[in-house]
Amino acid sequence: MTRWPKAHVAAAVLIALVLVVLATSARESRGRAPLHAAYVDAGGLRLRYVRAGRGPTVVLLHGFGESLIAWRGVFGRLVEHSEVIAFDLPGFGLSSKPTLGYETDSLAHDVVRALGALGVQRATLVGHSLGGAVAAAVALDAPAMVTHLVLVDGAVVGAPALVPDAHGSDETVSAARRAIAEYEALRTRFTSPHDPHWITEADSDAAYLPANDPAYRAALDAVLREFDFAYLTQQRAAALRVPTLVLWGEYDPVFPLAMGRTLAATLPNARFEVIPRSWHRPHEERPEETAAAITRFLTREGHQSSPTP
């Protein structure tokens, strides 16, 4: 197994920081009245969510180190045609942060329980990176619930460059996990899980800062240990027959474009589309283009209803 010298870990964190600055520089929220954040019980876990709109349901699942805030630039555009729900996945944002339970299938079960508690019987699932793997796992676990999938730079066919062997016990790998967890925790000081212009929250919730929460660092480390970045095996891919849009950032350095093409070719009922001039977070970097691509796909598939007046 390849060992990571400390200098390489530091360089990886620095590169990640640069990418985040680029990724978050174009975030956008629509000029609407703020939504109200609420919580749902998902089998003993408390998950934060926002919900708005009318029509067929679209569920948004964020990536590693993110929160539902990542979808604010896309949410308002999708809600023009659909009911839209965005969650904080377990371990992230303001949702519960258990010490264990971050395997891909476990997170999928949490999402299924949350949707059931919210009365959702059928939905399109849109997942970014880690959330894409969770969305795919939901489609396999509860196929009657999922009408369509949108995988945005999905973490399903191989580990990202910064996590070469996340499940290893070698001390260098453990140090790399801790460095990434520390970086992600500190990053929340600049990429807060709150946006008072987009969502309203109780004062106690609005005061929460993941960087000050040891449980958040522990959850991040647990995710890196437990999550399966190569979840979509050949057998699972063959079983995933739901209409799928594989949407990829043109310059994604975390999961390069070739991985997206491979994923789309592996799935039996998939379309592939590239978001130009975007990196690993096209829904944040190019929200208008990303929302338009999702809307075109759902309209083509007969999922969309007429715009809500």
Side-chain angles (χ1 to χ4, degrees), residues 19 22-23 26 56 58-64 66 70-71 73-75 77-78 81-82 84 104 108 123-141 143 145-161 227-304:
L19 293 176
L22 291 170
V58 176
V59 177
L60 305 175
L61 304 175
H62 62 79
F64 178 78
E66 302 289 337
W71 294 107
V74 170
F75 194 101
R77 292 179 168 92
L78 295 181
H81 300 274
S82 306
V84 184
T104 310
T124 289
L125 297 190
V126 181
H128 166 246
S129 196
L130 176 147
V134 175
V138 172
L140 291 169
D141 180 56
M145 177 178 281
V146 180
T147 60
H148 305 82
L149 273 180
V150 181
L151 305 179
V152 184
D153 297 70
V156 292
V157 292
F227 189 77
D228 186 358
F229 290 98
Y231 174 80
L232 204 63
T233 62
Q234 202 167 30
Q235 182 179 7
R236 285 172 173 154
L240 198 61
R241 299 186 173 276
V242 63
T244 301
L245 173 63
V246 177
L247 202 56
W248 225 260
E250 182 179 13
Y251 304 124
D252 188 344
V254 181
F255 299 111
L257 190 60
M259 295 179 75
R261 295 189 190 279
T262 298
L263 172 59
T266 301
L267 298 174
N269 192 10
R271 300 173 181 269
F272 182 66
E273 187 166 343
V274 177
I275 300 297
R277 303 180 305 282
S278 64
W279 297 65
H280 182 57
R281 298 176 175 87
H283 56 302
E284 296 186 82
E285 300 148 9
R286 302 287 176 183
E288 184 174 1
E289 293 91 332
T290 301
I294 295 170
T295 300
R296 284 195 302 271
F297 169 67
L298 295 180
T299 301
R300 191 180 297 124
E301 290 292 330
H303 173 84
Q304 299 285 30

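Values in this document were obtained by computation on a predicted structure and should not be read as measured data.
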Taking all heavy atoms of [X] and all of [Y], pick out the closest pair and write down the distance.
X      : Y      : answer
Leu130 : Ala155 : N-CB, 3.8 Å
Ala237 : Pro268 : O-CD, 3.2 Å
Ala264 : Ala270 : O-CB, 3.7 Å
Leu149 : Ala139 : CD1-CB, 4.0 Å

Exactly one candidate in Glu273, Glu289, Glu301 meets salt bridge (Lys or Arg N to Asp or Glu O under 4.0 Å) with Arg296; the answer is Glu273
Would the His283 and Trp71 ring centres measure less than 6.0 Å apart?
-> yes
Are the side chain of His128 and the backbone N or O of Pro282 linked by a donor-acceptor pair below 3.5 Å?
-> no
Taking Asp228 for the side chain and Thr104 for the main chain, is one N or O donor matched with an acceptor at less than 3.5 Å?
-> no
From CD1 (Ile294) to CZ (Arg77), nearest 0.5 Å | 11.0 Å
So, do Leu298 and Val58 sit near enough that their side-chain heavy atoms are less than 4.5 Å apart?
-> yes
Is there a side-chain contact between Thr266 and Val157, using heavy atoms and a 4.5 Å cut-off?
-> no
Where does the angle between the aromatic ring planes of Phe272 and Trp248 fall among parallel (under 30°), tilted (30 to 60°) and perpendicular (over 60°)?
-> tilted
Counting heavy atoms not belonging to Arg241, are there more than 12 under 6.0 Å from its CZ?
-> no
